[in-house]
Amino acid sequence: RISQAFNLQSLTWGALAQLPAAHIETLLRRFQWLKVKRGDAIVREGEVGEAYYLIESGWCQVTRHVGGVEMPVAELGAGEAFGEEALLAGVERNATVTMRTDGVLLRLDKQDFQALLQEPLLHRIDYTAAQAKVARGEAVWLDVRYPAEFGEDGLPGALNLPLNEVRHALGALEKNREYVVYCRSGRRSSAATFLLAQFGYTAWLLDGGLRGIRSDNDTALEEEA
């Protein structure tokens with residue numbers, strides 16, 4: 001069951017502040033309440049992602065293997081969430097999350113995550129509409145690929161913020177600005193768009209990514225021919 005401390009108000013001001021209110025009570029029924037101990041590894045780098053976690057109480061440490069050494073990259077506390085990147089991008093966990101203290105976590109299975117969080121928070125936009133927004137100064141392109149990829153074919157005027165840096169760079173982005181997020185295929189940008197939406201940013205997912213733009217252009221050329 002969900003503890004009394006983690007109620008409707010907690011969900012609406014926390015990491016899920018952008019979620020439609022109609023989903024909140026359903027979420028409360030679907031979350032599993034987990035009492036965890038200091039030292040417990042909740043997810044491990046390299047594992048297949050099967051769940052999303054929201055921290056009710058306690059502190060977690062996020063670590064990642066870099067050059068064969070396990071390096072701390074972040075600390076997460078009450079109201080923060082983790083586990084969404086592997087679910088959204090369809091990749092293995094890119095970090096290990098371990099409890100630094102005793103605490104309580106809320107766990108949401110992959111299927112419930114996709115139905116109740118992923119779709120409501122991912123606002124998709126096609127290239128034509130996105131380009132018009134950017135041209136009017138209403139939005140900025142945000143490329144979440146690695147710098148080398150961005151250097152090859154990043155869109156004009158785009159900001160480059162790799163997916164693995166998004167969570168740690170939230171304070172550098174402007175809350176009153178809209179972002180159109182893209183990558184090559186849409187997998188990494190799905191995760192980045194979700195992260196931004198969780199924390200109150202207005203973020204649009206470029207439908208189909210850069211591949212979608214190339215396909216549309218190819219189709220247009222074929223029709224003209």
Side-chain angles (χ1 to χ4, degrees), residues 11 14-20 23-24 26-27 30-32 42-55 60 62-64 73-74 76 79-97 105-127 130 139-146 149-150 155 158-170 173 178-213:
L11 280 175
L16 306 181
Q18 300 305 301
L19 191 70
H23 286 65
I24 298 291
T26 303
L27 273 174
R30 299 292 179 86
F31 273 119
Q32 297 172 277
I42 310 304
V43 302
R44 295 183 183 277
E45 188 174 357
E47 289 181 338
V48 174
E50 296 294 343
Y52 168 83
Y53 296 88
L54 189 58
I55 304 169
C60 302
V62 183
T63 57
R64 184 175 296 139
V73 294
L76 305 175
E80 296 187 274
F82 61 91
E84 68 285 323
E85 291 181 31
L87 301 182
L88 287 159
V91 296
E92 296 177 341
R93 301 285 192 195
N94 64 9
T96 296
V97 179
L105 302 179
L106 300 180
R107 182 184 189 276
L108 191 66
D109 288 337
K110 181 177 181 179
Q111 289 185 333
D112 287 332
F113 170 83
Q114 291 172 335
L116 298 171
L117 291 182
Q118 177 176 329
E119 288 311 311
L121 287 180
L122 282 184
H123 302 299
R124 304 173 191 274
I125 190 170
D126 64 32
Y127 177 66
V140 176
W141 296 114
L142 184 63
D143 189 317
V144 294
R145 299 176 297 163
Y146 291 114
E149 298 173 276
F150 174 66
L155 295 176
L159 300 176
N160 181 215
L161 181 61
L163 172 60
N164 62 349
E165 297 177 16
V166 169
R167 189 187 293 272
H168 315 301
L170 290 172
L173 298 176
E178 296 185 26
Y179 296 91
V180 179
V181 188
Y182 72 89
C183 64
R184 173 70 58 187
S185 66
R187 295 175 73 179
R188 282 176 284 179
S189 50
S190 293
T193 303
F194 185 88
L195 280 169
L196 291 171
Q198 280 191 120
F199 290 95
Y201 291 88
T202 302
W204 300 87
L205 172 64
L206 181 63
D207 209 8
L210 290 180
R211 285 180 183 169
I213 299 174

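Because the structure is a prediction, the values reported are computed rather than measured. Note that these values count all heavy atoms, side chains included, but never hydrogens, waters or copies made by symmetry.
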So, do [X] and [Y] sit near enough that their side-chain heavy atoms are less than 4.5 Å apart?
X	Y	result
Leu161	Leu173	yes
Leu27	Leu108	yes
Leu88	Leu122	yes
Leu195	Glu85	yes

Who are the ring pair (Phe, Tyr, Trp, His ring centres under 6.0 Å) partners of Tyr179, not counting sequence neighbours?
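For Tyr179, no residue satisfies ring pair (Phe, Tyr, Trp, His ring centres under 6.0 Å) once neighbours in sequence are set aside.
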Applying ring pair (Phe, Tyr, Trp, His ring centres under 6.0 Å), can you list everything that pairs with Phe150, at least two apart in sequence or on another chain?
none
Of all heavy-atom pairs between Gly49 and Ala86, which one has the smallest distance, and what is that distance?
CA-CB, 4.1 Å
Nearest non-hydrogen partners of Gly46 and Glu92, listed with the distance
O-CD, 3.3 Å
Main chain of [Y], side chain of [X]: is a donor-acceptor contact present, judged purely on distance under 3.5 Å?
X	Y	answer
Asn160	Asp143	yes
Tyr201	Leu170	yes
Arg184	Gly209	no
Tyr52	Leu117	no

Can you spot which of Leu106, Leu76, Val43 makes a side chain to side chain contact (heavy atoms under 4.5 Å, CB included) with Tyr53?
Val43
Is there any side chain to side chain donor-acceptor pair (under 3.5 Å) pair reaching into residues 42-51, and which pairs are they, with sequence neighbours excluded?
Glu45-His65
Identify, with sequence neighbours excluded, every residue that meets salt bridge (charged side-chain N to carboxylate O under 4.0 Å, His left out) alongside Glu84.
Arg167
Sequence neighbours excluded, which residues qualify as salt bridge (charged side-chain N to carboxylate O under 4.0 Å, His left out) partners of Glu165?
none
Separation between [atom1] of [X] and [atom2] of [Y], rounded to the nearest 0.5 Å:
X	Y	atom1	atom2	answer
Cys183	Leu205	SG	CG	8.0 Å
Leu105	Phe82	CG	CZ	5.0 Å
Gln114	Leu87	CD	CG	7.0 Å
Ile42	Cys60	CD1	SG	6.5 Å

Can you name the side-chain hydrogen bond (donor to acceptor under 3.5 Å, both in side chains) partners of Asn164, sequence neighbours left out?
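None.
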Taking side-chain hydrogen bond (donor to acceptor under 3.5 Å, both in side chains) as the definition, give me every residue that meets it alongside Thr96, ordered by chain and number, with sequence neighbours left out.
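For Thr96 there are no side-chain hydrogen bond (donor to acceptor under 3.5 Å, both in side chains) partners, ignoring immediate neighbours.
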Only counting residues at least two apart or in another chain, list the ones meeting side chain to side chain contact (heavy atoms under 4.5 Å, CB included) with [X].
X	answer
Ala203	Val181, Thr193, Leu196
Ala74	Val62, His168
Ala130	Ile125, Trp141, Val180, Leu206

Going by the salt bridge (Lys or Arg N to Asp or Glu O under 4.0 Å) test, which pairs reach into residues 187-198, not counting sequence neighbours?
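Sorted result for residues 187-198: Glu149-Arg188.
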For residues 107-122, which residue pairs pass the salt bridge (Lys or Arg N to Asp or Glu O under 4.0 Å) check, not counting sequence neighbours?
Arg30-Asp112, Arg107-Asp109, Glu119-Arg124
